[in-house]
Number of protein chains: 2
Amino acid sequence: MELGHVTRLDDVARALGVSTATVSRALSGKAGVSSEVAERVRRTAAEMGYVANVHARTLAGGTTTVIGLVVHEIGDPYFTEIAGGLVEAAEQNDLLVQVCHAGRDPGRELKQVRSLVAHRVRAVVLAGSGHTDPEVDADLRALLDGFTARGGHVVAIGRRHLESDALLPDNTGAGATLARHLLELGHRRIAVLGGPPGLTTVQDRLAGIHSVLDGREDVELHVLETDFTRDGAATAAVEVVERWPRTTAVLALNDAMAIGVLDTLRRRGVRVPEQVSVAGFDDVAVAAQLSPSLTTTRFPLTEMGREALQLVLTPPSGEARRRRVDHQLITRESTAPPPQE
Amino acid sequence: MELGHVTRLDDVARALGVSTATVSRALSGKAGVSSEVAERVRRTAAEMGYVANVHARTLAGGTTTVIGLVVHEIGDPYFTEIAGGLVEAAEQNDLLVQVCHAGRDPGRELKQVRSLVAHRVRAVVLAGSGHTDPEVDADLRALLDGFTARGGHVVAIGRRHLESDALLPDNTGAGATLARHLLELGHRRIAVLGGPPGLTTVQDRLAGIHSVLDGREDVELHVLETDFTRDGAATAAVEVVERWPRTTAVLALNDAMAIGVLDTLRRRGVRVPEQVSVAGFDDVAVAAQLSPSLTTTRFPLTEMGREALQLVLTPPSGEARRRRVDHQLITRESTAPPPQE
DNA sequence: TTGTAAGCGTTATCAA
DNA sequence: TTGATAACGCTTACAA
């Protein structure tokens, strides 16, 4: 095989003295070829190093082996772990994953999905929070509807407003569990670092927290709206310490934020958990390796990535399949009873 | 626009009463169309929601907007951070990234690259260590040579045996720097947790270490061959503690391994850095967040991902461009002078 | 400046 | 069971 030349279907056909149709059929394992010929074709193709041109194949009506993944923040361990599970599972099924970074911007996200659709990917997997305002996702939904109508498959992870197959983390339950955990430890002056109110994940986690703490006369609850990032939380934590110095527990809406809080507290000489308890959500891999290690509610991120691929592999039925993902409280060193008064 | 129907080039042409050639030229910004017509075409195309069929375009000779990334271990922060930088930079240049997981298996890697080549990706980026035995990569090189000959672009990150454009982390220098750091702190009984000897990264880092420590009568050096992972190092650390209990410093060949060492030591009640110092390589994001925070040599991983994309964007010249990536010693809490005898 | 028409490498539809 | 041959939707000479 000389450099710069790719073996085509026609080359294989010619070498064997059969038609391209026969070779095509033999290689894609379709009926209508004698097993004898099929075997010969396969051997020769392998010898000649033939690999089908993906674009020709797709254009002619074959199906793609690529699936698209859209994440809000590549770099955020939450998405990294999901992506890891998905890519690994994909590899085991001879599928390729195209990863897109949308940066939490609906416009950019739309552009990325459009690009995936133009690539005729077999499925689009959307990971991360949706928007509470349905208007924001309107264009996206129209796009996905068209994609679905033409045989595309959409799988969401945590975007409950989309009418696709979905993996739905129990964010509300996780919020309630953490609030209860703090309550049981004896905390009564609690600060919550929330994210942008437009995100369903934020909304749901807050709802869970409120469901447990609201209406209790003995609880003093402060909710701060901040960025959904480590740095946003680090800054907000300063505010908490200064405005409500008697706070005994800080609940951050995700682990990245909780790490930011730990950072601020350490810098200010506030001991965790002796003086202030801290907890997060998700249980990203680092959470266990921090010191103090972080109390959090676990969602099996890598597993969710794998499961998303399972959904991709099973053809969509009429009904959208919506699977709830349960959380699990992981109690570690960062939470403890509040200091004695 | 009805569901299930995609606007094609021909639809746009017909709507305007011009030829497909004109539309094609106008949309790809080629010369030979009056700016007036071009403008009209662009507007109409946008209105009709036209997006070119990637496969048709590629088949007809256009270029792809996809680049392939092959990593050893998706899930390992080393690769995650590189991938993050690459994907983000790609997004800014309207490029898509296909991520492949090779699991440190040359056969799987070959298969993945073959698939990328079949997709006619614009470039293949290979991240991670190469093999010291040139035989192992022979098939890969043949494949890449063909790819290059047909106009494909190959960029390596840290695979110095490949004759492509490359970003080459100064692994040898980093090894020497860390060895010197330990020496200067006063350590004389040092254990090194190495990885599989077949990897160039392992070889280079070890070479750097040996270049500083070898031939010194006062230094007792033990090198253990283990897995290039956190768990491998955790197990090896047990052996170090048991076989050479007087060791005062453990040097792991990457941060993931160093974290494994910290884990083992904590579990055994060995205090870091009071009793034993620990250091790693790479400075993945967690390294700073651990406690004790980890002394390591920094390679700017995210930046390297971005830079790899820059190489992809600048067309290959005759000469392969090989850029050295410098390291930086980051001294944190995990290293200190050895305990007094 | 514009249009016509010939590919690009497959798959799928008919005939044979 | 096989083989011609027409799509698939685009780019790009070559003509006009």
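Below, chain A is the first sequence line, B the second, and so on; all start at residue 1.
- For A:Thr22 and D:dG3, the shortest distance from a side-chain N or O to OP1 or OP2 is below 4.0 Å.
- The phosphate of D:dT11 (OP1 or OP2) has no side-chain N or O of B:Lys30 nearer than 4.0 angstrom.
- OP1 or OP2 of C:dT2 sits under 4.0 Å from a side-chain N or O of B:Ser34.
- If you check the side chains of B:His153 and B:Asp165, you find a donor sitting under 3.5 Å from an acceptor.
- For the pair A:Arg57 CZ and C:dT11 P, the computed distance is 5 Å after rounding to whole Å.
- Using the six-membered ring where Trp is involved, B:His72 and B:His131 have ring planes that are perpendicular, over 60° apart on the 30 and 60° scheme.
- Side-chain atoms of B:Ser129 and B:Thr200 include a donor-acceptor pair closer than 3.5 Å.
- For the OP1/OP2 pair of C:dT4 and a distance below 4.0 Å, the side-chain nitrogens and oxygens of B:Ser19 include no atom meeting the criterion.
- As rounded to whole Å, 14 Å separates atom P of D:dC10 from atom NE2 of A:His119.
- What separates CD of A:Glu39 from C1' of D:dT1 is a distance of 17 Å, to the nearest Å.
- Rounded to whole Å, the distance from CZ on B:Arg25 to C1' on C:dT2 is 6 Å.
- One interatomic measurement links the two molecules: NE2 of A:His55 to P of D:dC8, which rounds to 20 Å at whole-angstrom precision.
- The CG atom of A:Leu59 sits 17 Å away from the P atom of D:dA6 (whole-angstrom rounding).
- Side-chain N/O atoms of A:Arg120 and base N/O atoms of D:dG9 include no donor-acceptor pair closer than 3.5 Å.
- Atom NE2 of B:His161 sits about 8.0 Å away from atom CG of B:Asp137, to the nearest 0.5 Å.
- Going from atom CG of A:Leu16 over to atom P of D:dT2 covers 12 Å, rounded to whole Å.
- When only modelled atom types and interatomic distance are considered, B:Thr314 and B:Arg321 share a side-chain donor-acceptor pair under 3.5 Å.
- Phosphate contact (OP1/OP2 of D:dC10, side-chain N/O of B:Tyr50, threshold under 4.0 Å): present.
- In this structure, B:Leu9 places its CG atom 17 Å from C1' of D:dA7, rounding to the nearest Å.
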